[in-house]
Number of protein chains: 2
Amino acid sequence: MSGAATREQIVDAADRLFYHRGYEHTSFADIAAAVGLSRGNFYYHFKSKDAILDAVIEARLAGTRHMLEQWESQQPTPDGRILQFVEIVLTNGTDIQQYGCPVGTLNTELAKLGHTLHGQARGLFTLFRDWLREQFTLLGYGEQADDLAMHVLAFSQGVAVLSHTFRDEEFVRREVDRMRDWLSTYRK
Amino acid sequence: MSGAATREQIVDAADRLFYHRGYEHTSFADIAAAVGLSRGNFYYHFKSKDAILDAVIEARLAGTRHMLEQWESQQPTPDGRILQFVEIVLTNGTDIQQYGCPVGTLNTELAKLGHTLHGQARGLFTLFRDWLREQFTLLGYGEQADDLAMHVLAFSQGVAVLSHTFRDEEFVRREVDRMRDWLSTYRK
DNA sequence: GTCTATAAGCCGATAGAC
DNA sequence: GTCTATCGGCTTATAGAC
């Protein structure tokens, strides 16, 4: 197998395992088994577990940037784009119920571990935060735009934590409806 | 040292360490060192790590029940009690910035680990949920009371995750103000 | 690029002396 | 009740054959 393809497979498997089981709870053996590699060969591609985490975060950053670009081309209005973000807790409802928010749970875990890469992981939140702020600025709320962006982020995290804990889809639906109402008061 | 006192010390140390570092990242050696016991002697008091976690959750449940009773006696009105809960993200602001919400982070970690005691930990949320529902019922919102209780819980979790990630006290203050405004529309 | 073998250390947990 | 000594297993990581 070519080096690049194997590396990509490792990052994909690690990404999924870190999300499903958590970073610390995932071992090299788990990732190697998922890819079909021996543990020994692993270190040819990544010299440490931190290096894999770094690659996973980079991949998630790239994936998020791509998703946000797609949302921008699919949704012509800023409020439509914000709503697209709000509804992610329904779109990815099954995963969030089972594993929580991939951004929130990674940040919480790395912050608690005092991990050096927590700063990198925080960048995932910043990506959404800046994008949401831009949409609120386009709606004419320049001064409060960052505040409003953080409010929408807080919504997503609150819903994700409780959805993960209680596995209640109706609760998620009600919270999205509430958010839709709130958002309509900010629509131009 | 008497058995009961040592046991209590172990539970206190484990409680703090599980909160600060996470359950999985805390080892027997960490707890033993914090209490000043040898690892070997540990098993006289608790036969497994799960048994310590069980005792920690029980202690947190008892502590939470006591706190809710205090809130009830200190705050005569249901909306005052709900506000007391909302302001916990300010009251415990420093801890939440450093370690997140003790209830939310434990539930997220145990849910992701597929731990058998996740159900017990969920009870911590249920304690707050039922208590908040009772306050909304007293305000005359019996039908929506559980929905409103979950909304207030979601607020606290969203704020805690982002406060833990960004360490921004002003953000917390703004969200509490927003929540105060929202709550005032439900006050009798 | 992939493998096996293995190191060094930490983990939860146990046995048995005192 | 507390200690030391130790077990078997899992962890990250390395060495070296192919």
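Sequence lines set the chain letters: A, B, ... in the order given, protein chains first and strands last, and positions in each chain run from 1.
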When you check the phosphate oxygens OP1 and OP2 of C:dT2, does a side-chain N or O of A:Thr6 lie under 4.0 Å from one of them?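 Yes, such a contact exists.
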Using a cut-off of 6.0 Å, state whether more than 12 heavy atoms not belonging to A:Arg39 lie near its atom CZ.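 Atom CZ in A:Arg39 is not packed in, count stays at 12 or less.
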Answer yes or no: does atom CD of B:Gln74 have more than 12 heavy-atom neighbours from other residues, nucleotides or ligands under 6.0 Å?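 Atom CD in B:Gln74 is crowded, with more than 12 foreign heavy atoms closer than 6.0 Å.
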Could you tell me how far apart [X] ([atom1]) and [N] ([atom2]) are, to the nearest whole angstrom?
X	N	atom1	atom2	value
B:Phe42	D:dA5	CZ	P	20 Å
A:Phe46	D:dT11	CZ	P	19 Å
B:Tyr44	D:dC3	OH	P	13 Å
B:Glu8	D:dG1	CD	P	14 Å
A:Ile10	C:dG1	CD1	P	11 Å

Angle between ring planes, B:Tyr23 versus B:His115, binned at 30° and 60°: parallel, tilted or perpendicular?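 Aromatic pair B:Tyr23/B:His115 classed perpendicular.
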Would you call the rings of A:Phe128 and A:Trp71 parallel, tilted or perpendicular if under 30° counts as parallel and over 60° as perpendicular?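 Tilted, since the angle between the ring planes falls between 30° and 60°.
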Just by distance, do the side chain of A:Arg60 and the backbone of A:Pro102 share a donor-acceptor pair under 3.5 Å?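 Side chain of A:Arg60 to backbone of A:Pro102, a donor-acceptor pair under 3.5 Å: yes, one is there.
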Go along nucleotides 12-18 of chain D 5' to 3' and tag each nucleotide: B for a protein heavy atom under 4.0 Å from its base, S when only backbone or sugar atoms are that close, - otherwise. SBB----
Residues in side-chain contact (heavy atoms from CB on, under 4.5 Å) with A:Thr26, at least two apart?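 Testing A:Thr26 for side-chain contact (heavy atoms from CB on, under 4.5 Å), a comparison that skips the adjacent residues, returns A:Leu17, A:Phe18, A:Arg21, A:Asp30, A:Ile31.
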